[in-house]
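Inspection log for the structure reproduced underneath, given as structure tokens.
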Protein chains: 2
Amino acid sequence: MAGKKLSTDPYKGVRDFYPADMAIQRYLFDIWSDTAELFGYERYDASVLEPADLYRAKTSEEIVNDQTYTFTDRGGREVTLRPEMTPSVARMVAARRRELSFPVRWYSIPNLFRYERTQRGRLREHWQLNCDLFGSSEIAADIEIVALAHQTLMNFGADPSMFEIRINDRAWLNEELAAQGLSGEQTVGMLALLDRKEKIDDFDAQAERLIGKPFVMPEAPGGDSDLGRIIAGLKALGVENVVFSPSTVRGFLYYTGTIFEIFDTDPENRRSIAGGGRYDRLVEQIGGEPMPAAGFAMGDVTLRDFLESHGLITADITAPELIVIPAEPALNIEGEKIAEPFRAAGIATAVDFSDKKLGKKLATAGEALVEYALVFGEDELGSGAFTVKGLQTGETFSGTLEALAARLMADGR
Amino acid sequence: MAGKKLSTDPYKGVRDFYPADMAIQRYLFDIWSDTAELFGYERYDASVLEPADLYRAKTSEEIVNDQTYTFTDRGGREVTLRPEMTPSVARMVAARRRELSFPVRWYSIPNLFRYERTQRGRLREHWQLNCDLFGSSEIAADIEIVALAHQTLMNFGADPSMFEIRINDRAWLNEELAAQGLSGEQTVGMLALLDRKEKIDDFDAQAERLIGKPFVMPEAPGGDSDLGRIIAGLKALGVENVVFSPSTVRGFLYYTGTIFEIFDTDPENRRSIAGGGRYDRLVEQIGGEPMPAAGFAMGDVTLRDFLESHGLITADITAPELIVIPAEPALNIEGEKIAEPFRAAGIATAVDFSDKKLGKKLATAGEALVEYALVFGEDELGSGAFTVKGLQTGETFSGTLEALAARLMADGR
């Protein structure tokens with residue numbers, strides 16, 4: 001076998017997470033879960049494998065066939081790597097709708113797959129925070145979902161001037177389009193056109209070609225409409241950076257009411273950071289019984305771009321706190337024994353098994369931002385007195401292992 | 001669409017994690033990551049999608065074809081849902097072998113897929129703790145890996161009498177078999193037979209049929225052999241429940257030295273909880289350059305069985321700490337506003353939007369083990385004085401929202 005060299009690249013369009021990348025990923029996930037839990041959301045999960053039919057129920061066949069990983073297993077079952085989480089959570093809620101106490105607030109941090117052509121750095125796998133509230137038709141539910149998305153960004157240290165929440169109402173928009181005399185087919189075309197409005201130069205001309213007359217962009221609905229009350233409610237909660245946006249549509253077919261999307265205000269980074277809305281029919285489609293629902297999702301890749309462009313991410317340290325360095329390899333096992341009281345005190349401790357020279361060992365540990373080093377040989381083992389050196393500070397302290405462990409524990413990190 | 005009801009079941013052989021299941025899963029993952037980090041291991045991850053060739057390099061074609069999910073993507077690439085993590089981490093280490101500072105200690109908690117026939121509750125997806133130490137040939141590395149697996153179980157509250165660590169040395173065993181005159185083919189057959197020894201009645205007869213003469217079970221290697229020193233080193237670290245086991249083989253082809261497996265001592269639950277060993281050739285097969293390595297894996301399903309059978313798992317509470325109950329739905333948005341100071345103080349707070357009666361709301365929250373309730377109406381909003389009730393204790397305290405948030409924060413959970 002040796003000599004037959006394989007590629008060390010990951011599969012095309014997915015990422016390896018080395019410890020430094022993983023530390024950032026965990027930072028994102030920790031703020032996501034902390035924020036969702038502060039709003040009373042409980043964490044759930046499901047498998048990345050789902051029956052392909054789950055996506056056929058609410059999206060076009062085209063999406064299942066062309067943009068997802070769908071294959072047939074040996075039992076003849078068609079299975080899809082989930083491209084989004086909402087159908088999975090709707091399925092889970094539908095399965096237990098008789099036992100659950102509504103409203104249900106759930107969140108998850110799934111990885112999702114899309115068969116992208118991988119142009120312009122688009123990835124085939126990404127992670128998302130998904131928060132959903134089932135069983136309430138109250139506008140307070142719509143407000144809470146938007147406020148939770150807003151608070152999530154605030155908890156990363158964002159300032160409201162850094163992002164904008166564009167909000168619309170799919171039901172109201174449909175009525176507005178019907179009032180302008182658009183047929184069902186023209187409405188579908190117009191929604192798709194509105195969705196691309198910012199990316200095209202000749203929106204007005206295309207819209208006129210589609211409906212055979214000039215299109216009048218609907219004005220903001222009144223203050224007593226659902227959307228008007230939702231915007232007012234958000235402002236009452238201190239969410240000031242929310243704006244009515246008649247061209248916010250979102251591609252998903254299942255939205256029935258409020259729809260919103262959050263954009264970076266930095267003109268260099270125009271991708272959507274998060275989005276969501278109300279989808280009152282999806283659970284019914286899967287489970288057969290009506291269930292109002294609202295939710296949002298926020299992706300790791302676009303969030304990380306947002307945080308990086310605003311200087312809101314600092315790399316986390318992943319090195320252990322203490323490195324135990326035996327004076328010779330024959331003392332490696334003694335090194336593990338010395339590590340025990342430190343580990344018992346909650347101090348992340350590694351033993352250096354390498355055959356580097358002592359100076360090199362200390363330098364490597366210092367560069368990796370290890371906090372302390374404990375070098376020992378037969379002398380220290382004989383006397384029971386050890387010395388710990390602060391690699392970043394240069395200070396040293398001596399004592400028994402138990403005293404040193406207590407000292408380091410008190411120092412914290 | 002309505003009326004066309006879909007199945008709400010997950011894909012065959014995978015699990016949905018409702019909040020109560022997810023709480024247990026997170027408990028397992030938290031102890032896993034805490035323990036690995038105490039030993040100085042850094043967390044990494046990779047995608048579940050890997051090039052199929054990665055598994056062909058070290059296992060038989062049969063395994064790739066019959067026991068994995070392998071499919072061809074639209075670009076003609078053969079892709080496999082990872083059935084184990086070791087090839088992925090070996091690939092990642094091989095890719096950066098020039099930049100990394102060895103020894104490298106890494107851990108991960110991946111989900112893995114196997115195409116099982118799903119008999120007897122066998123699952124197609126499970127999670128595993130994977131800990132690996134790259135770049136050290138020292139027996140201290142073998143010892144550390146076994147000690148880390150041992151400590152992981154101890155950190156779940158296990159007693160050493162509850163599990164047994166069976167250890168062997170693949171290189172030594174091969175020499176012993178060669179010394180008995182076994183051919184290469186007979187050795188492969190004998191390893192497979194040893195692996196099944198506990199499951200068959202007529203091991204001696206089958207062994208004799210295989211090699212044409214009586215098989216002599218090798219006796220424990222001497223105290224100055226690698227395995228003898230590893231067992232002695234483990235005992236010096238307080239790992240007493242380690243036993244030499246000549247029939248411990250493990251199926252993976254890539255092990256080159258130490259191999260171990262941890263079994264529940266409860267005769268009702270004989271499945272392996274964890275296992276691992278030394279695999280000094282795998283990174284070379286992938287990356288073209290030699291790299292000693294040792295590691296182990298522990299699965300969530302067998303661990304949970306072990307913990308449950310020994311009474312070591314208690315379900316975690318996933319409900320919020322405080323439920324804010326508006327006296328009427330028109331006050332729902334005020335409820336969100338009232339929740340803010342509590343959330344800012346780190347108290348998980350949900351607003352009850354349901355149209356149940358007040359008594360029912362309080363009873364439901366109490367059953368879900370919510371700690372506190374705050375019921376409010378126009379009176380409280382006018383006066384600014386609110387009352388929080390302890391749902392489990394019955395005690396009440398009143399004050400401004402800020403004072404109540406401070407009080408609940410001080411109480412902790």
Side-chain angles (χ1 to χ4, degrees), chain A residues 1-2 5-6 8 10-11 14 16-19 22 37-38 40 42-51 53 57 71 74 79 91-92 94-95 101-103 105 115 125 136 138 140-141 143-144 147 233 236-237 284-288 318 320 329 332-333 336-337 343 348-350 353-354 364, chain B residues 1-2 5-6 8 10-11 14 16-19 22 37-38 40 42-51 53 57 71 74 79 91-92 94-95 101-103 105 115 125 136 138 140-141 143-144 147 233 236-237 284-288 318 320 329 332-333 336-337 343 348-350 353-354 364:
Chain A
M1 286 279 196
K5 201 174 147 180
L6 276 174
T8 58
Y11 171 69
V14 305
D16 284 333
F17 291 91
Y18 284 87
M22 191 65 191
E37 286 171 20
L38 281 176
E42 298 176 85
R43 190 155 174 176
Y44 70 94
D45 200 2
S47 176
V48 296
L49 297 183
E50 285 282 4
D53 280 344
F71 58 95
R74 291 192 197 87
V79 54
R91 178 180 62 67
M92 287 173 66
S101 171
F102 293 96
R105 289 175 168 93
Y115 195 83
E125 178 183 28
S136 178
E138 299 284 331
I143 290 169
E144 178 176 298
L237 291 177
E284 179 177 354
Q285 270 176 247
I286 294 168
T318 67
N332 279 342
I333 299 165
E336 292 283 354
K337 222 163 153 177
R343 290 171 181 157
T349 305
F353 295 160
S354 72
T364 306
Chain B
M1 287 277 199
K5 200 174 148 179
L6 275 174
T8 58
Y11 171 68
V14 304
D16 285 332
F17 291 91
Y18 284 85
M22 191 65 192
E37 286 170 21
L38 281 175
E42 298 177 85
R43 190 155 175 177
Y44 71 94
D45 201 3
S47 176
V48 296
L49 297 184
E50 286 281 4
D53 279 345
F71 58 94
R74 292 190 198 91
V79 53
R91 177 180 63 66
M92 287 173 66
S101 171
F102 293 95
R105 289 174 167 93
Y115 195 84
E125 178 184 26
S136 178
E138 300 285 330
I143 290 169
E144 178 176 297
L237 291 176
E284 180 178 354
Q285 270 177 247
I286 294 168
T318 67
N332 279 342
I333 299 164
E336 291 284 353
K337 222 163 155 179
R343 289 171 182 157
T349 304
F353 294 160
S354 72
T364 305

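Each chain gets a letter, A, B and so on, in the order its sequence line appears, and its residues count up from 1.
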Taken to the nearest 0.5 Å, the spacing of Ile333(B) CD1 from Phe353(B) CZ works out to 8.5 Å

Most contact-rich option vs chain B, by heavy-atom pairs under 4.5 angstrom, among Pro19(A), Ala95(A), Ser354(A), Gly233(A), is Pro19(A)

Checked Lys337(B), Arg43(B), Glu42(B), Arg343(B) vs chain A; the most non-hydrogen pairs under 4.5 Å come from Arg343(B)

Answer key: most heavy-atom pairs under 4.5 Å with chain A among Ala147(B), Ala140(B), Pro51(B) is Ala140(B)

So, the part of Ile143(A) with a heavy atom under 4.5 Å from chain B: the answer is side chain

Taken in chain and number order and not counting sequence neighbours, the residues that satisfy salt bridge (charged side-chain N to carboxylate O under 4.0 Å, His left out) with Glu50(A) are Arg91(A)

Practice prompt. Taking Tyr115(A) for its side chain and Arg74(B) for its backbone only, find out whether a donor-acceptor pair lies under 3.5 Å.
Written response: yes

Here the pair of heavy atoms bringing Glu125(A) nearest to Val48(B) is OE2-N, 4.3 Å

Of Asn332(A), Leu49(A), Thr364(A), the largest count of non-hydrogen pairs under 4.5 angstrom with chain B goes to Leu49(A)

Under 4.5 Å to a heavy atom of chain B? For Thr349(A) that would be both

Looking only at Val79(B), Val14(B), Leu237(B), most heavy-atom pairs under 4.5 Å shared with chain A are made by Leu237(B)

Whatever's closer than 4.5 Å to a heavy atom in chain A on Glu37(B) counts as both

Turns out that what part of Glu336(A) lies under 4.5 Å from chain B's heavy atoms comes down to both

Those residues at least two apart in sequence (or on a different chain) that pass salt bridge (charged side-chain N to carboxylate O under 4.0 Å, His left out) with Arg105(B) are Glu144(B)

Applying a strict 4.5 Å limit to non-hydrogen atoms, the region of Tyr18(B) in contact with chain A is both

Checked Ser101(A), Gly40(A), Ser47(A) vs chain B; the most non-hydrogen pairs under 4.5 Å come from Ser47(A)

